[in-house]
Structures are given as structure tokens and as C-alpha cells.
Amino acid sequence: MTAIAIDIHSKTYSAQGTAPAHRAIANLKLTLTSNEFICLVGPSGCGKTTLLNIIAGLDPDFKGDIRLETGHKKPVIGYVFQNPRLLPWRTVRENITLALAGEHAPETVDALLDIMQLTQAQHVYPERLSLGMSRRVSIIRAFAVNPDILLMDEPFVSLDAPTARQVRNLLLELWQRRPHTVLFVTHDLREAIALADRLLFLSPSPMTVMGEISVPIARAERNDEAQVEAFRQKLLAHYPEIKTLL
Amino acid sequence: MTAIAIDIHSKTYSAQGTAPAHRAIANLKLTLTSNEFICLVGPSGCGKTTLLNIIAGLDPDFKGDIRLETGHKKPVIGYVFQNPRLLPWRTVRENITLALAGEHAPETVDALLDIMQLTQAQHVYPERLSLGMSRRVSIIRAFAVNPDILLMDEPFVSLDAPTARQVRNLLLELWQRRPHTVLFVTHDLREAIALADRLLFLSPSPMTVMGEISVPIARAERNDEAQVEAFRQKLLAHYPEIKTLL
Amino acid sequence: TLRLGILAFGTVAWEIEALKQQKLLDSAAFDLEIHPVANPEAGKIALQSGAVDIIVSDWIWVSKLRASGEDFTFYPYSNTSGALVVPENSPIRSLKDLPGKRLGLAGGELDKNWLLLQALGQRQSLDLNASVEKVFGAPPILSQQLLRQRLDAVMTYWHFAARLEAQGYRQVLDGRDIVKGLGINEAVPTLGYVFRQSFGEQHRQSINSFLNSTRQVRQTLCQSDSAWQKIIPLTQAEDTVTQNKLRLRYCDGNIDSWGEKERQAAGRIYQLLKNLSDNRLTGAGSALQPGTFWSTD
Amino acid sequence: MRLLQNRYRLQLLNALSLLLLLGLWQFLAFYLNSNTLPTPAVVAKVFWQETVSGQLPYHLGITLFRLVVSFTIAMLLGCALGIVLGCNKALDAFFDNWLVIFLNIPALVAIILCYVWFGLVESAAILAVVINKLPNVVVTVREGTRTLDQDLLEMARCYHFGRRKTFIHVVWPQLHPFLMAATRSGLALIWKIILVVELLGRSQGMGYQLHLFFQLFDVAGILAYTLAFVAVIQLIELVILKPLDKKAQRWRR
Amino acid sequence: MRLLQNRYRLQLLNALSLLLLLGLWQFLAFYLNSNTLPTPAVVAKVFWQETVSGQLPYHLGITLFRLVVSFTIAMLLGCALGIVLGCNKALDAFFDNWLVIFLNIPALVAIILCYVWFGLVESAAILAVVINKLPNVVVTVREGTRTLDQDLLEMARCYHFGRRKTFIHVVWPQLHPFLMAATRSGLALIWKIILVVELLGRSQGMGYQLHLFFQLFDVAGILAYTLAFVAVIQLIELVILKPLDKKAQRWRR
Ligand SMILES: Nc1ncnc2c1ncn2[C@@H]1O[C@H](COP(=O)(O)OP(=O)(O)OP(=O)(O)O)[C@@H](O)[C@H]1O
Ligand SMILES: Nc1ncnc2c1ncn2[C@@H]1O[C@H](COP(=O)(O)OP(=O)(O)OP(=O)(O)O)[C@@H](O)[C@H]1O
Ligand SMILES: [Mg+2]
Ligand SMILES: [Mg+2]
């Protein structure tokens, strides 16, 4: 039940030593209705992570305004960072449960660990995991908190195709069971089409919205590779303004 | 001019605290002819990074034998790690030039920085880069050393489609200009087909080779999405033993 | 009660122990409470912080503090003073032989004996400060260095000197010789009890009685061998030669007379030291402060 | 198997080193043949005598008590201050001067002033030690706090860890090596300071006792007491610090 | 603009803290009105007299010379040993005992033995300081070495950085915070030790001088000399350590 109104006038990383100041975001206006699933597509280094950080409240140093309209007071945020950001001195399971406030049902964690095939590794320290495994832990952590807003920064890279498929389905299932707003960053257009209500195409720095396209495919048909591919071809052919991004 | 003969009887990560010992690789036999381009496809956590580390000589703690048959004494290895592994206290350019032994032509670095669109960021410390930019630096570093063996662990994730395409082409161009052996880990079957001479499908832990398929598409036609897609469909349909991986 | 801060194995400790042995403490007109301290500086801290009432120190320090507004006062306890000690076969026989030699000095450049020695040197037109190779250091280390022949002579505190003597080293001259050489014939005390004047006036009776008892017990220690035998462990010396040497020097320091003459002599020494140390030792006071010496009557 | 052998090898090496040190000492003592370096046997004898007489345990016990109290206070306060200064630039700018001044006040001065102002009481002695040790801990922990991983702190903020959880699970493990350094060199520093503290104003304890030995130049006594202390620290090292280290490091590959 | 303002604000705070400290001191001195805590004015006067007479600069210079020499030796040796022990488990197991022992040898003992064996000479004094400081540096640097990032070391190995390059570009920057902690608390420690060293066997230097003051219980003199030393350290802090810190930290976001 969370709508987000984003109105960032500008976000500038200040100069430091030899590095010049860098304007990462300029005039970005965006409204996300409740329970929308949005995919962000944009060139590397355009400012996607910066945007997610701002929405998550991790970076208050920008000009503009973010409004999170939630029913209850403080929206719970699940954030799959671009790097797993696990605490290396806590086991897999501890890393997940630490993110859960106070009381939590161990079964949910068990179930998620099981789906992600990490039950065996649950008492292992993250240094002993492969990168893909760490990423899965970080995904579980974000799912487990039952977020009102779910921010996912390229969450499925380093996952093999079958696992990625599975996690994608899980994500949709969770989303349909308990609606929440999802912002999903990806470079894979097929993935974006298969998941999103709306695709946002972002310009290189300073980032702003270049194009906005709703995906007209019914949820039930998203698993059909052919449909996705067809829409992708259409995009590639018919939208010259976002051509450079694809 | 480097052929590699890999014969790993077993690689076991020893038990530590509550974590049990883990046999990551078992009976992996593999011969790479000179200047071959190999793509490794396998589930997350199967042992691909472990294998690359062993080949790079970073992990001597295994049973078996790796022979690198090179003309001159010590093969130069370029390794794009799964994480960028940049020195945060050195600038982008310093990170690259540090990997180069003694004398080197600044022009090569300049050219690579230019292609990767990092010329502007060359004097910036890595903390100010986006993840995709860091990855590009790490790719430049591996290319710049003029390697005899190039190990790439999912190098193109976090790169947007146009950049990824460009880097892929650059990789092939470099490879054709100065032949060297490439081991390329990816989860993206299309990417693998577009690049590899041979695809190796790996089993889950303990890792071993499940299937080995040469790509019959001529180099010139690799850019044709349709051909790649067709071969991919063929793979999906006709190789039951690797079905679970795709 | 009198709270007394003393060195654990110092001569005051001998006397207190002797008092105990002779069962004089129970009947005395004062109660004693002993606080052992590790070194003289610790005693000064203890006195100033109010942890003890009486310590053993010197009168120059008392005068200096009086000048700065404190009301400490001093009652003489001993005349013993440091000595210049050399190896038995050393060519050093007098002050004249010192120039060019490596001389160990306890107590630093403001040590009274060293200052007075320099004054004596001046009378013989010797600039000791310039001509002697001075090595300041802690007394135990200096003794050790002399033993290892790394020093030619040391000017050290009396008990270190006595121990060296017991090992066959020769005393060239001691503090009293120096003072005499400077034309002061009276024996001036070096150490004494120091306490607050206000405290003394409040407890005049017990203090005077305490001072009396210790004076008497010193007589016994010097005269009666049996009394001496009992406190020998406190000398921390294993062999009788050292023990005897310590006893000899200890008794040498006995105060025979303490009157106006001696006080005036003290005043002269004060002026001498004041000039020699360029005011550093004596502080701001222009002369020995009145009231520095406690009078028992 | 191999791991086990490895552990045995390390323990063997450990024992060997002690033996070698003893051997060296014996050789030197024999070679110098002077009372400034008694042989291990002589020192052991003194050690035994002092232990049986109860002197050594008494003084050691008192000194250890002071050590434990002042160490605890200094570490707790030092960590708190160090973390605060490391996180907050304004406070750091404000207190930096004070820190440098307190860091460089000679032990002697702090001790004298404490005693003179608060009297020759136990608390003054402990305060003097704390004043000497505290700035060291602050400086070390502040250095550690400045290197904290921002990514992990952000993660903690994003998932509403709160202060307590963030501290225990995110900050503390990262400070561990700095705390270990502060602890190890801190124990040693306190030991150096406490000797002076006891020398100047206490009537018991190792410092008091060592000074007596020093006056008599009884090197055997000094060494015997030193050894007793070193043995205690070695014990602390084995029973507390090493296991702590191991526990804190077990996540490393 | 904002950054500039920020810097001014920090400098203002810095100055303010000094003023506050002075005020506190003045107040306390006034309130206590005892010769054990002279007012800042009195101390300043003594400071001025001693400076004009040349005494203070002379002794300060000598002590600083000893400080620099022994600090340099201790840091260089300490870093080398610390890194070696941090990297090599066998050597660490071997030398761990020695380290604990040397760490906990009382300053006094080391100083006495040095003087007795090598005589009351300059080199003995410096050796004594080094012996006291060295184990501290070793312990701190060893702790730092244990936390080195293995990923980066692997990267360096893979790209054949070689020893020198690895050390300069990979290891050193990671050790920086530990070295800073060792430097800051090291300067302070050496200062504490050197006083004892000079007290026991040197004929000039701050320790010797402070001891004279101490014997006379001249707190103003003690504080004047202390201030001189603190000022020097503060200068080192401003001119060397702070800029170094800034340079080493500039990569942080
Ligand atoms: N801490 C920082 N300080 C200064 N500049 C930064 C910082 N973080 C990011 N930038 C710059 O801001 C821009 C946007 O970075 P951001 O990480 O948001 O990109 P991104 O869209 O997430 O890219 P990628 O897909 O590669 O992760 C980049 O050009 C980067 O150089
Ligand atoms: N240092 C380590 N100690 C113990 N086990 C490890 C260690 N590194 C990896 N492993 C285990 O070895 C297996 C293989 O790991 P590896 O990193 O090689 O996987 P991967 O194929 O690269 O996976 P991914 O695609 O997720 O990166 C995993 O199950 C992992 O848990
Ligand atoms: Mg990003
Ligand atoms: Mg991997």
C-alpha cells in the first residue's frame, strides 16, 4: 500500500581532490502508484544505484523531495544491494534474521532458504560462499522482511538460468500474495519485460527519464518466451528515442 | 600460444568450525588447445570460480595437476575476477598501470579507457565509481596486460546492453589480433554461444564436466541474433543431459 | 596519632623497630601509625596530600615551601651526608685530582653536596663543573657503574657510600668535610622531620615526646650491641662488614648539638646554595625563612 | 589429520621458543658472570622463596587488582569516546587538542597531581593510571572507527538495525583488531605506569617492591617479580585473549 | 562554500576547546589556590624564563633528538617484524612468547639492564627506549596484518606485482590506520619512557630536568616543560600526521 512520489531536482556528488563534482541526477520526476512493479533500464553509471539509495533514505544529500505514502508510519524497505553486503562475521542465517525486527517466524526463513537451495549453507560464514550464493542470501534477506517497498539492484546476475527463473517466479508470487511497490534495476530487457508493469528508460548522467513504456502482456503470459521476445523486437524497432539504450 | 591441460582429481575446502568440509571439484579433466575460446556454464556455487583460481595459480591446495604449455617461461594471466577487486586507494588509471610490468605504452591504456568510456573517470578513486564502471576497469586491467591466458568470471554483468555488446566485440577483436586462450564464465547462454569455440557444461558440486559442445556457427555470423537463438533452441531441445542447466 | 611516612628500610624505620623491640611504644605519650613509602619523593607527595603528618626531608625544601606560603617546619634528625667515593687504589686523593675524571653524581645538578663541592673547588680555583666529566644517574646504577669501573668516582648518598666502603672502596671526603672546607665548622643537620607547623602546635606534646624517644633510641642503637642485633634485618645487608659500616655512618650522623650557632650556620649554607644554584634550589625566598626550624620549647 | 599435526607443530614451536629464550639467558648469565644478570636458577630460587613467604602473591595480587580495575575503566571509556570521536567530526575537532595534551602529559605529572589533589588513596592511584591509559585507547579506537565499512553501515540503516544491533553486529567486529591491539599494548602500558604509581604513593604492590629491589640492586628479585607478572599476562593471553581472537577470526577463510 | 564554512567551523571549535581548557585550568588553580596547581600565568612566566635562559630549548632539543632516533628505529623494526609475524603462522607461534615477555618487561628493568651492561651512554638510553616501544609496534602492526584483504592480495599475486609493489600499493594503505594508532600512542609512550630513561641515567634532557623539578616539587616548572613538549607534539600532529592522514584517507567517499 505504498505510493512513491519522487521529485529530485538534482543530486550532485561534490568534488573531492582531483575528482570533479558530478551531477548524477537532474530533474527526475516520477510517481509510482501503490503496488506497482517498475523496471529501471539505463546505461552503466547513469545513476540507478544513486536513485535507489535516495529512495531507501540512505542518502539525504540531494535537492528535491521523496514522499512515501504509506498507510502505517514507516514503510519497511527491502533492498537487494548491487553487492551482497553480508556481514562476513555472521552466518548466512544470522545475516537474514538480523534484518528481521524482533519476533519472526523461523519457518519463513527456512522456506526461503529451501527455495534458494541454501539450507545446507545456512550456518556457514559468507566468505565460504560463492558470489551467486551470497546474492541469494541478500535476496532472501530482502524478501524476509516483508517489505512495503522492494528495491532490487540487478539482483539476478550471477545466478544460473534455472535458479534465476525460479527466483523470478518467487518474486512475482510474493508480490502477488502481498502487494508492494517494486523498483527493479536490470540490464536484461527480456527480464524487464517478463517482470514489469512499467519500464523506465533512463538517460546517461545526469540521469533523467528518457522513456516510459507499460508492458501490455498479461501476467499469465509472461512466462512465454515468444511473447516477451516479440514485445522486445517491437521495442527495438519502434522506439527510436530509447534505441541507444538497447 | 598456450595450451592448458587440467587434471584435477579433487579440490576440497577443509572443514572449519561448524562448516563441514566441501568437495568443490571432483575428477575434472579438460584440455584446452592453444588459443581456444571456452565458455563455462554451470549452476551457481558449482565451482567455476574455484576452477579459475586454480588455473590462475592462486590456490595451490588441490589434488591434481595443471599444466600450462607455453612457448616462453611464465604465461601472463589476465583475470577478470567476479568482483572488480580494485585498490580503493589508487585511481582508476593507477589500478590499471600497476598491473602492467615495468614499461608499457600509455596509449594502449588510453585507447582502452576510451573504448570503455572511462577517460573522464581515469583519475577518480574507485569508491566514486558505479559497480558497472568498476567492472569495466577490471576488464581493462585484464586486457591491458596482453595475457596469454584470459580468465573472465562473468565479466559483463552490470553492463548495459550496448556497452556489453561493444566490450564483447572488443574482446573478440583482441583475441583475433593476438590469439590467446580464454576461459569465460557466464550464465547467459546466448552470450556463450555468441563467443565460444566450445561450451562446457558443468555439474553442481562437486563440479565435473557434464557436457561439451562445439559451437558450429562461423565467427562472422555470431553477431546474428537469429542464428544464435536458433542454436540455443536446438540445445534446449536436444541435449537432455544438460537440460537442468539451461 | 602521628602518621609517619618513612622509607621501608630507612634509618627511621630502624628506630621505630627498635622502639617496638624495647616495648617503648606502648607506654609512649603518642600513638604512631606507620606508612611505608618507596622513596623520598613519595614521602613529599604523601605529606602534601595529607596522607601522613610527618616525613623525613631536608630544611632547604621546607624553607622553599614556606616562601611559597605553606607552613611546613623542620626538626633535625641526622647529620649524615653523602660522600665522594673512589676505588681503593684510585689516584684520586683530593679535589685536585678530580678534573678530567668521570664522576658519577646522585641527585642531579642541584644536589647539595655537588653544589657545595663546586664551591669548595672554586676556593682552590678549580672549575669542577667544567673540568669534570659529570654523569648524573640513579644511585644504584652509579654504584654499579663504579663497581664495573665505568666511573672513576661517585658522589652519592651516605648509605650507598657506606655499602661501597664495605666493599673496599675509599671515601675521599664527605658532606661535612666539604662544609668545613667552606669555613663552616658547625655540624649542620641534613635530614630532619618535617610536618605542618599548625599540626605541630596542635600536637606539641606528642610530637616533642616522639622526637625525644627517637633521639634516645638512637643512642641505644649506637651503644647497645644487643639492641643493634635486633634490627639488623632492616639494614638489608647480608654481611657484617656492611652492617657495621652502616652502623658507623649512621651513628656518625648523630646530632650532638642544635642551637642558635647551628641555625646561623644553616642560614649561611642557605645563602651559599642560593647563589650556587642561581635560586633554583631555594626558590623565591631571599633568605632562610623564619620558622623553618621547629623549636621544641 | 594435517590440521592436527599443524597445531602440534605450532605448539611445539611455542615451547621451543621458550626453551631457546631460557637457554640464551643461561648462556648470557654464565658468560657475563655478574650479579647484574643472575642465572635462571637463581631467579627461580628467589621466585620460590618470595612465593612461599607470601610476599610475591600479596604484592602481585594488589597490583593485579589495580590493573584490572583501571584497565576496565580505561577500555570502556576509551572505546566509547573513541567511537564517538571517530564518528563525529565536530566533536573530534573539539576534543582533538585535549586528546593530544592528555596523551602527552608525562605519567609523572598526572600521578603527582592526582595524589596531591585526591590524597594517597586507592582511587587516586587508579585514576592516575586511567588518565595515562585512556588517551591511548581513544586514539586507537578512533582510528578504527574511521575505517568502518560504510556499505555495511548503510545496510544496517536500511534494515533498521537500531543502535544496539548495529553496534554489536556491524561495528564491534570491525573494531576487534584495533581493540586487540589496544588491549595487548594497553596491558603492557598500564603495567609500566602502575609501577610508577605505586612507587610514588602506595605502600604495597609490585612497583613498591621493585623499587626496594632496585635500591639494593637485587636484579634477581627484580627479575623474579617481572617473571611472575609476565606469567600472569601470558595466562591472560592464553585463557582470554587467544580464544577471543580465535572466536573473532573464525569467519575468515 | 559550504565546505569552506565547515572547515572554518571545525577550526573555530578547535580553538574554542583550547580556550575552554585554559579557562578550566585557571578556574581550578584559582579555586584550589595551592602551589600544587599554579595558574596558567605562573606557568607561562616560568616557561618564558626557561626559554630565555636557553635551558628549555636545550633539554627539549636533546630529548627530541632521542625521541626521533628511537621512534624511527622502533617503527621501522616494529613494522617489519609485525608484518612478518602477521603473515607467517610458524614464526608467530615461535616469537609470540618473546613478544609477550618483552611487552611486559617493566620499563625500569629494561632501562637498568641497558645501563648496567652498556654503561651510562647515549646508545644505551636509546636502546632502552626502543626495547620498551618495539613490542607495542609489533603487536599493533601484527594485528593489522592479520586483517589484510585476501582478495586484493590474490589480485596482486595474479598480476605479478612482486614484493615491493604489493607492499607499497596493497599492504601499506591497509596498515595505515594501525600505523597511525601506533604512531600517536607511540610518541606518547616514548615520551613517558624517555623521561624514566633520562631520570635514571642521563645528565640532560627533559626527564632529567623534570626530575629536578620534581625533587623540589616545583609543579610550575614541571607544567612549563610539559607544555613545551605537548606543543612540539601538537606541531608534529599538525605538520606531519594530520596531512598524512588526509592524504591517506582522500580515497574514502
Ligand atoms: N560516492 C560517490 N562519489 C562520487 N561520485 C559517485 C559516487 N557514487 C557514484 N558516483 C557517480 O555517480 C554516477 C552514478 O553512479 P551509480 O552508482 O548510481 O550508477 P549506476 O546507474 O548504478 O551504474 P551501474 O549500472 O554501473 O551500477 C556515476 O557516474 C558515478 O561515477
Ligand atoms: N573459501 C571457501 N571455503 C569453503 N568453501 C568455499 C570457499 N569458496 C567457495 N566455497 C564453496 O565451493 C563451492 C564453489 O564455489 P565457487 O565460488 O567456485 O562457485 P561458483 O561456481 O563460482 O559460483 P557462482 O556462479 O555463484 O559464482 C561453493 O559451494 C562454495 O560454498
Ligand atoms: Mg549501480
Ligand atoms: Mg563464482
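Proteins come first, then strands; the chains are lettered A, B, ... in the order of their sequence lines, and each starts at number 1. From a predicted model like this one, the values you see are computed outputs, not experimental measurements.
- Heavy-atom neighbours of D/Trp25 CH2 from other residues, nucleotides or ligands within 6.0 Å: above the threshold of 12.
- Residues passing the ring pair (Phe, Tyr, Trp, His ring centres under 6.0 Å) test with D/Phe213, sequence neighbours excluded: D/Tyr225.
- For a residue to count as touching a neighbouring chain, one of its non-hydrogen atoms must lie under 4.5 Å from one of that chain's; by this rule D/Gln234 touches chain E with backbone and side chain alike.
- Contact detail for E/Ala90 and D/Arg9: the closest heavy-atom pair is CB-NH2, 3.7 Å.
- Residues that satisfy the salt bridge (Lys or Arg N to Asp or Glu O under 4.0 Å) test with E/Asp151, not counting sequence neighbours, are B/Arg85, D/Arg253.
- The structure places CD1 of D/Ile105 at 12.0 Å from CD1 of E/Ile222, a figure rounded to the nearest 0.5 Å.
- Residue contact with chain E, scored on non-hydrogen atoms closer than 4.5 Å, involves the side chain of D/Leu195 exclusively.
- D/Leu12 does not touch chain E: none of its heavy atoms, backbone or side chain, sits under 4.5 Å away.
- Residue D/Ala188 comes nearest to E/Asn104 through the heavy atom pair CA-OD1, 3.5 Å, listed as atom of the first residue, atom of the second, then distance.
- When E/Leu187, E/Val100, E/Val139 are compared by the number of non-hydrogen pairs under 4.5 Å with chain D, E/Val100 comes out ahead.
- Using a 4.5 Å heavy-atom threshold, the side chains of E/Thr147 and D/Arg252 count as touching.
- Counting only heavy atoms from C-beta outward, the side chains of D/Trp191 and E/Pro106 approach each other to under 4.5 Å.
- Taking all atoms of both residues into account, the shortest heavy-atom contact from E/Leu18 to D/Trp98 is N-NE1, 4.5 Å.
- Using a 4.5 Å cut-off between heavy atoms, E/Leu99 makes no contact with chain D at all.
- Residues that satisfy the ring pair (Phe, Tyr, Trp, His ring centres under 6.0 Å) test with D/Phe47, not counting sequence neighbours, are absent from this structure.
- Annotation: maximal heavy-atom pairing with chain D below 4.5 Å, among E/Thr140, E/Thr226, E/Val137, E/Leu189, occurs at E/Thr226.
- Contacts of residues 238-250 of chain D with chain E at a heavy-atom distance below 4.5 Å involve D/Lys242, D/Asp245, listed in sequence order.
- For E/Leu21, the parts lying near chain D are the backbone and the side chain together; criterion is any non-hydrogen pair under 4.5 Å.
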Test side chain to side chain contact (heavy atoms under 4.5 Å, CB included) applied to E/Ser17 and D/Phe95, step by step: CA-CA 7 Å; E/Ser17 82; D/Phe95 284 109; over 6 Å; no
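- Proximity to chain E is limited to the side chain of D/Val219, based on heavy atoms less than 4.5 angstrom apart.
- The parts of E/Ile101 that come within reach of chain D are both its backbone and its side chain, each placing non-hydrogen atoms under 4.5 angstrom from that chain.
- In this structure, chain E has heavy atoms under 4.5 Å from both the backbone and the side chain of D/Arg146.
- With a threshold of 4.5 angstrom between heavy atoms, D/Phe94 approaches chain E through its backbone and through its side chain.
- For a residue to count as touching a neighbouring chain, one of its non-hydrogen atoms must lie under 4.5 Å from one of that chain's; by this rule E/Val138 does not touch chain D.
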Stepwise side chain to side chain contact (heavy atoms under 4.5 Å, CB included) test for E/Val109 and D/Phe214: CA-CA 9 Å; E/Val109 176; D/Phe214 175 50; over 6 Å; no
Candidate pair E/Met180 and D/Arg142, rule side chain to side chain contact (heavy atoms under 4.5 Å, CB included), full reasoning: CA-CA 10 Å; E/Met180 271 327 205; D/Arg142 182 179 66 173; over 6 Å; no
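- Between D/Leu103 and E/Lys192 the shortest heavy-atom distance is O-NZ, 3.5 Å.
- Of the atoms belonging to D/Asp96, it is side-chain heavy atoms, and not backbone ones, that fall under 4.5 Å from chain E.
- One N or O on the side chain of E/Asn97 and one on the backbone of D/Asn14 form a donor-acceptor pair closer than 3.5 Å.
- At a 4.5 Å heavy-atom cutoff, E/Leu227 makes no contact with chain D through either its backbone or its side chain.
- The residue among D/Ala93, D/Pro135, D/Gly207, D/Ala107 with the most heavy atom pairs within less than 4.5 Å of chain E is D/Ala93.
- Only the side chain of E/Leu24 comes within contact range of chain D, judged by heavy atoms closer than 4.5 Å.
- Contacts of D/Leu16 with chain E are made by both backbone and side-chain atoms, with heavy-atom separations under 4.5 Å.
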